[in-house]
J.: 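The structure that follows is given in the form of structure tokens.
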Amino acid sequence: MKIGVFDSGFGGLDIFRQIEKILPKYDFVYLGDNARAPYGSRSQETIYQYVTESLDFLFSRGCQLVILACNTASAEALRKVQQAYLPKKYPTRRVLGVIIPAIEEAVQKTKNRKIGILGTESTIQSEAFVAELKKKDSRIRAFQKACPLLVPIVEAGEKDQRIVNLSIENYLKPLVAKNVDTLILGCTHYGLLLNNIRKILAKSNRKILIVSEGKIVAKKLADYLRRHPEIERLLAKNSKRDFYTTDLTEKFRRIGGRLMGRKIGVQKVSLN
Ligand code: DGL
């Protein structure tokens, strides 16, 4: 059996790169639903439908465990996937998201209990980060900001740093004003803007810790496998990688290759 990694597009590859770094021997299947991305401005109902179709595909490819390496999918679909879809259709398979790992890290690191969250419009509207933070510690104050321009900026490969920084500054301003000491980058693409975000926060003269998901999710997955030998035992360890996308374009090869730091072979798949 394999480990599946799912994202609405190629942003999840940034997370996958970190996962394969610390778990190189396992077999992985990556699926990017590029034909229907971005998910970030879609309704919950639509996102749930897309996610379950994607999971059907990954399970048909022999995945025992799937990581939703997409914040929008984790925020809008994970709970229903775990409570309704899996028990009914695949009771022995597992699906994990990226929100809980980020939350656990933020709760552990914050000192003033003021945490900022950046995400897509759907993720922010779902309030999933806020609800999970409050569950961990009801005294935490969470401040969110939807950043609809950042995914398009990353995907366009925008080179003009003034445009990139101006957008980031605008989104960070209200969170910095709230005196957050920890900032969660709640979207796959924002990790790719980490250096810009770091520099802008440094200029604000506040010490703000950034929680970027790649490494954290990878570490939590390794931890999960240690705690669940009954799942780990089922996983093949031939270091195999299969990449699928619903929209095979030159862009996927280019950006995907850049994110993985090597050339990748990608196959096209149709989900519906
Ligand atoms: N992967 C999505 C996320 O992490 C960003 C791209 C999209 O909106 O589909 O929220």
Side-chain angles (χ1 to χ4, degrees), residues 4-19 30-55 58 66-79 81 95-103 105-106 116-130 132 144-158 167-168 171 183-194 197 210-218 220 243-247 249 251-252 255-256 258-260 271:
V5 180
F6 168 75
D7 181 39
S8 55
F10 43 66
L13 288 172
D14 192 45
I15 293 176
F16 178 44
R17 185 169 49 92
Q18 304 285 353
I19 292 178
Y30 182 92
L31 171 64
D33 189 10
N34 293 75
R36 304 187 289 195
Y39 282 11
S41 44
R42 296 192 186 277
S43 70
Q44 179 175 31
E45 206 183 0
T46 303
I47 294 167
Y48 178 72
Q49 182 203 322
Y50 290 176
V51 169
T52 50
E53 285 169 3
S54 302
L55 287 171
L58 287 167
V66 176
I67 310 299
L68 296 186
C70 173
N71 291 267
T72 307
S74 301
E76 296 281 46
L78 182 61
R79 181 184 292 250
V81 161
V95 178
L96 306 172
V98 286
I99 292 181
I100 302 286
I103 295 277
E105 180 80 5
I117 302 130
L118 301 179
T120 63
E121 283 173 302
S122 310
T123 299
I124 297 305
Q125 253 169 38
S126 76
E127 303 239 325
F129 276 95
V130 180
E132 294 299 338
Q144 314 191 89
K145 185 73 188 154
C147 312
L149 289 178
L150 297 190
V151 168
I153 280 178
V154 170
E155 300 217 342
E158 181 56 63
S167 314
I168 298 174
Y171 292 136
L183 176 71
I184 300 176
L185 306 187
C187 173
T188 47
H189 289 58
Y190 303 170
L192 303 166
L193 297 170
L194 189 59
I197 295 173
I210 302 171
V211 175
S212 182
E213 290 170 340
K215 270 191 197 147
I216 295 164
V217 171
K220 296 279 180 188
F243 294 91
Y244 294 93
T245 171
T246 51
D247 190 16
T249 59
K251 193 170 153 189
F252 191 95
I255 303 184
R258 199 177 76 207
L259 291 181
M260 292 305 293
L271 295 181

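Numbers here are sequence positions counted from 1. Counting starts at 1 for both ligands and their atoms, following the listed order.
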J.: What I want to check is whether the side chains of Gln49 and Glu53 have a donor and an acceptor closer together than 3.5 Å.
T.: yes
J.: Looking at Tyr171 and Leu149, would you say the former's side chain and the latter's main chain have a donor-acceptor pair under 3.5 Å?
T.: yes
J.: Quick check: Asp7 and ligand 1, any N/O pair under 3.5 Å apart?
T.: yes
J.: Judging by distance only, is a nitrogen or oxygen of Gly40 under 3.5 angstrom from one on ligand 1?
T.: yes
J.: Hey, could you give me the CD1/OG distance between Ile47 and Ser74, rounded to the nearest 0.5 Å?
T.: 11.0 Å
J.: Give the atom numbers and elements of ligand 1 that come within less than 4.0 Å of a heavy atom of Cys187.
T.: 3 (C), 4 (O), 5 (C), 10 (O)
J.: When you compare ligand 1 with Thr188, is there at least one nitrogen or oxygen pair between them that comes in under 3.5 angstrom?
T.: yes
J.: Are Lys251 and Glu155 close enough for a salt bridge, meaning some N to O gap below 4.0 Å?
T.: yes
J.: In the protein, what heavy atom is nearest to atom 10 (O) of ligand 1, and what distance, to one decimal place, separates them?
T.: Thr72 OG1, 2.6 Å
J.: Suppose I only count heavy atoms of Ser8 and a 4.0 Å limit; which atoms of ligand 1 are within that range?
T.: 1 (N), 2 (C), 6 (C), 7 (C), 9 (O)
J.: Which ligand 1 atoms, with their elements, are less than 4.0 angstrom from a heavy-atom of Tyr39?
T.: 7 (C), 8 (O), 9 (O)
J.: Purely on distance, is any nitrogen or oxygen of Thr120 under 3.5 Å from one on ligand 1?
T.: no
J.: Identify the residue among Thr123, Asp7, Thr188 that makes a side chain to side chain donor-acceptor pair (under 3.5 Å) with Thr72.
T.: Thr123
J.: Can you confirm whether more than 12 heavy atoms, excluding those of Arg79, are under 6.0 Å from its CZ atom?
T.: no
